[in-house]
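For reference, the structure is listed below as structure tokens.
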Amino acid sequence: MPELPEVEILVRHLAPLLKGKTIRGVEVRHARVLRPTQPAQLSHALNGAVFVNLIRRAKYLMFALRRADGKGTFLLAGHLGMTGRMFLQPAGAPLPRHTAVALDLGRQRFIFEDTRRFGRFTLDLSAQRGLGPEPLGKEFTVEYFAAALKRSSQGIKIKLLDQSLLAGVGNIYACEALFAARVSPRLAARKLTRDQVRRLWRSIRQVLVKAVEFGGTVSLDWTGRTNDGGVFYYGNAGSPPDFYEERLQVYDRQGRPCRVCKAPVKRIVQAARSTFYCPRCQRN
DNA sequence: CACCATGTTCCTTG
DNA sequence: CCAAGGAACATGGT
């Protein structure tokens with residue numbers, strides 16, 4: 001479940017549950033997600049540490065912890081990859097099948113499960129340095145966006161996935177933002193007109209804000225044992241919940257009628273990822 | 001068996 | 001040095 005809105009919703013959910021909690025034990029079942037941190041390093045840093053804050057940066061969850069000796073704080077970076085989940089469950093409950101890391105918090109256990117193990121749970125913060133501005137932040141201005149796009153001849157869709165240009169948009173919301181802006185995903189980045197850049201800039205923000213708002217109003221089931229709970233809108237067992245599917249205008253809708261003009265939605269491949277768009281509404 | 005999947009990172013080529 | 005393209009990572013669903 002990972003793009004900016006889903007991570008934002010998860011962070012808002014977890015922050016009040018974690019703040020003030022002390023980590024009493026660390027169980028690493030799939031060390032790969034710690035890379036390059038070693039399991040012993042993680043255990044050493046986390047044992048006895050206390051959660052003091054949790055924020056989102058792009059698609060990362062940044063956990064701020066107070067050291068066990070009380071002297072200073074440090075950061076832990078989490079990333080859900082393609083299939084990651086994070087949630088709390090009662091201490092005695094059985095660990096989910098694909099648990100990568102479990103933290104003993106006393107009565108509860110914090111679980112990071114990740115089927116494909118593309119996610120991260122690490123003390124290494126080097127990945128954050130290469131991130132571009134937050135799409136919903138002040139630094140992401142139309143001027144910045146326009147200037148950045150001028151430097152590339154790649155399709156605009158590919159640039160929206162470039163985390164060094166803007167951080168947090170993924171494949172679904174890239175497609176949705178382009179549809180909302182009525183810009184073709186294949187248009188070379190440097191060929192966008194000023195008006196197209198402005199429309200796309202607004203659409204990116206609008207699509208993300210609406211997704212966060214929507215996720216925020218749904219009652220969530222965060223036990224982690226259900227497949228339809230919360231904002232876990234895709235993947236895992238079961239079908240995508242209707243409530244979410246209706247929100248998507250083009251993503252995963254190839255062959256189905258465009259909700260605006262009824263033309264069949266098209267699927268193409270760009271940079272080895274699927275792109276969905278309406279060939280009539282997004283004709284450039 | 002084939003192809004597809006919300007993401008990043010590394011390697012190669014130009 | 002950079003931009004761009006492709007494979008790799010690992011598992012499961014259809």
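In what follows, chains are A, B, ... by sequence order, proteins preceding strands, each numbered from 1.
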Rounding to an integer number of Å, can you tell me how far [X] [atom1] sits from [N] [atom2]?
X      : N      : atom1 : atom2 : result
A:L149 : C:dA3  : CG    : P     : 13 Å
A:R85  : B:dA5  : CZ    : P     : 20 Å
A:L160 : B:dT6  : CG    : P     : 15 Å
A:D114 : C:dT11 : CG    : C1'   : 10 Å
A:L248 : B:dT6  : CG    : P     : 12 Å

Checklist entry - Any side-chain N or O of A:Y251 less than 4.0 Å from the OP1 or OP2 oxygen of B:dT6? => result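 For B:dT6, OP1 or OP2 has a side-chain N or O of A:Y251 closer than 4.0 Å.
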
Checklist entry - Would you say a side-chain N or O of A:H98 is under 4.0 Å from OP1 or OP2 of C:dA10? => result no

Could you list the donor-acceptor pairs under 3.5 angstrom formed by side chains in residues 273-284 of chain A, with sequence neighbours left out?
{"residue": "A:S274", "atom": "OG", "partner": "A:R267", "partner atom": "NE", "Å": "2.8"}
{"residue": "A:S274", "atom": "OG", "partner": "A:R267", "partner atom": "NH2", "Å": "2.8"}
{"residue": "A:T275", "atom": "OG1", "partner": "A:K157", "partner atom": "NZ", "Å": "2.8"}
{"residue": "A:T275", "atom": "OG1", "partner": "A:Q270", "partner atom": "OE1", "Å": "2.7"}
{"residue": "A:Y277", "atom": "OH", "partner": "A:R186", "partner atom": "NH1", "Å": "3.2"}
{"residue": "A:Q282", "atom": "OE1", "partner": "A:C278", "partner atom": "N", "Å": "2.7"}
{"residue": "A:Q282", "atom": "NE2", "partner": "A:L178", "partner atom": "O", "Å": "3.4"}
{"residue": "A:Q282", "atom": "NE2", "partner": "A:V183", "partner atom": "O", "Å": "3.0"}
{"residue": "A:R283", "atom": "NE", "partner": "A:R280", "partner atom": "O", "Å": "3.3"}
{"residue": "A:R283", "atom": "NH2", "partner": "A:R280", "partner atom": "O", "Å": "3.4"}
{"residue": "A:N284", "atom": "OD1", "partner": "A:Q196", "partner atom": "NE2", "Å": "2.9"}
{"residue": "A:N284", "atom": "ND2", "partner": "A:R182", "partner atom": "O", "Å": "3.4"}

Item to check | Integer angstrom distance from the P of C:dA10 to that of B:dC11 | outcome: 15 Å

Next on the checklist: Using the C1' atom as the point on both nucleotides, what is the distance between C:dC1 and B:dT8, in whole Å?
Outcome noted: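 About 22 Å, rounded to a whole number of Å.
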
Between side-chain atoms of residues 35-43 of chain A and protein atoms elsewhere (two or more places apart, or another chain), which donor-acceptor pairs fall under 3.5 Å?
{"residue": "A:R35", "atom": "NH1", "partner": "A:R32", "partner atom": "O", "Å": "2.8"}
{"residue": "A:R35", "atom": "NH1", "partner": "A:G119", "partner atom": "O", "Å": "3.2"}
{"residue": "A:R35", "atom": "NH2", "partner": "A:F118", "partner atom": "O", "Å": "3.2"}
{"residue": "A:T37", "atom": "OG1", "partner": "A:T122", "partner atom": "OG1", "Å": "3.1"}
{"residue": "A:T37", "atom": "OG1", "partner": "A:L123", "partner atom": "N", "Å": "3.2"}
{"residue": "A:Q41", "atom": "OE1", "partner": "A:Q38", "partner atom": "N", "Å": "2.7"}
{"residue": "A:S43", "atom": "OG", "partner": "A:P39", "partner atom": "O", "Å": "3.2"}

Item to check | Nucleotide pairing, DNA chain B (Watson-Crick or G-U, distances under 3.5 Å), in dot-bracket with [ ] and | | outcome: .||||.||||||||

Checklist outcome for this item: Sorted by chain and number, sequence neighbours left out, ring-ring contact (aromatic ring centres under 6.0 Å, His included) with A:Y60 holds for A:H79

Item to check | Minimum heavy-atom distance A:A188-A:L192, with the two atoms named | outcome: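 The pair with the smallest heavy-atom distance is O-CD1, 3.5 Å.
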
Name every donor-acceptor pair, under 3.5 Å, that has one atom in a side chain of residues 143-150 of chain A and the other anywhere in the protein, sequence neighbours excluded.
{"residue": "A:Y144", "atom": "OH", "partner": "A:L165", "partner atom": "O", "Å": "2.7"}
{"residue": "A:K150", "atom": "NZ", "partner": "A:R190", "partner atom": "O", "Å": "3.1"}

Checklist entry - Quick one: salt bridge (Lys or Arg N to Asp or Glu O under 4.0 Å) pairs with a partner in residues 64-76 of chain A, sequence neighbours left out? => result A:R67-A:D69

Please enumerate all residues that pass side chain to side chain contact (heavy atoms under 4.5 Å, CB included) together with [X], with sequence neighbours excluded.
X      : answer
A:L125 : A:M62, A:L75, A:A77, A:Q128
A:E176 : A:I172, A:V207, A:L248, A:Q249, A:V250, A:Y251
A:E27  : A:R29, A:L95, A:A102

Next on the checklist: A:N47: which residues meet the side chain to side chain donor-acceptor pair (under 3.5 Å) condition with it, sequence neighbours left out?
Outcome noted: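 If we apply the side chain to side chain donor-acceptor pair (under 3.5 Å) test to A:N47, skipping adjacent residues, there are no hits.
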
Can you check nucleotides 4-7 of chain C for protein contacts, nitrogen or oxygen pairs under 3.5 Å, and list what you find?
{"residue": "C:dA4", "atom": "OP1", "partner": "A:S153", "partner atom": "N", "Å": "3.3"}
{"residue": "C:dA4", "atom": "OP1", "partner": "A:S153", "partner atom": "OG", "Å": "3.2"}
{"residue": "C:dA4", "atom": "OP2", "partner": "A:S152", "partner atom": "OG", "Å": "3.4"}
{"residue": "C:dA4", "atom": "OP2", "partner": "A:Q154", "partner atom": "OE1", "Å": "3.4"}
{"residue": "C:dG5", "atom": "OP2", "partner": "A:Q154", "partner atom": "NE2", "Å": "3.2"}

Checklist entry - Could A:D195 and A:R198 be called an ion pair, given the rule that one side-chain N must be under 4.0 Å from one carboxylate O? => result yes

Scan nucleotides 7-13 of chain B against the protein and return all N/O pairs shorter than 3.5 Å with their distances rounded to 0.1 Å.
{"residue": "B:dG7", "atom": "OP1", "partner": "A:P2", "partner atom": "O", "Å": "3.4"}
{"residue": "B:dG7", "atom": "OP1", "partner": "A:K59", "partner atom": "NZ", "Å": "2.7"}
{"residue": "B:dG7", "atom": "OP2", "partner": "A:N171", "partner atom": "N", "Å": "3.0"}
{"residue": "B:dG7", "atom": "OP2", "partner": "A:R273", "partner atom": "NH2", "Å": "2.9"}
{"residue": "B:dT8", "atom": "OP1", "partner": "A:H79", "partner atom": "NE2", "Å": "3.0"}
{"residue": "B:dT8", "atom": "OP2", "partner": "A:K59", "partner atom": "NZ", "Å": "3.0"}
{"residue": "B:dT9", "atom": "OP1", "partner": "A:R120", "partner atom": "NH1", "Å": "3.3"}

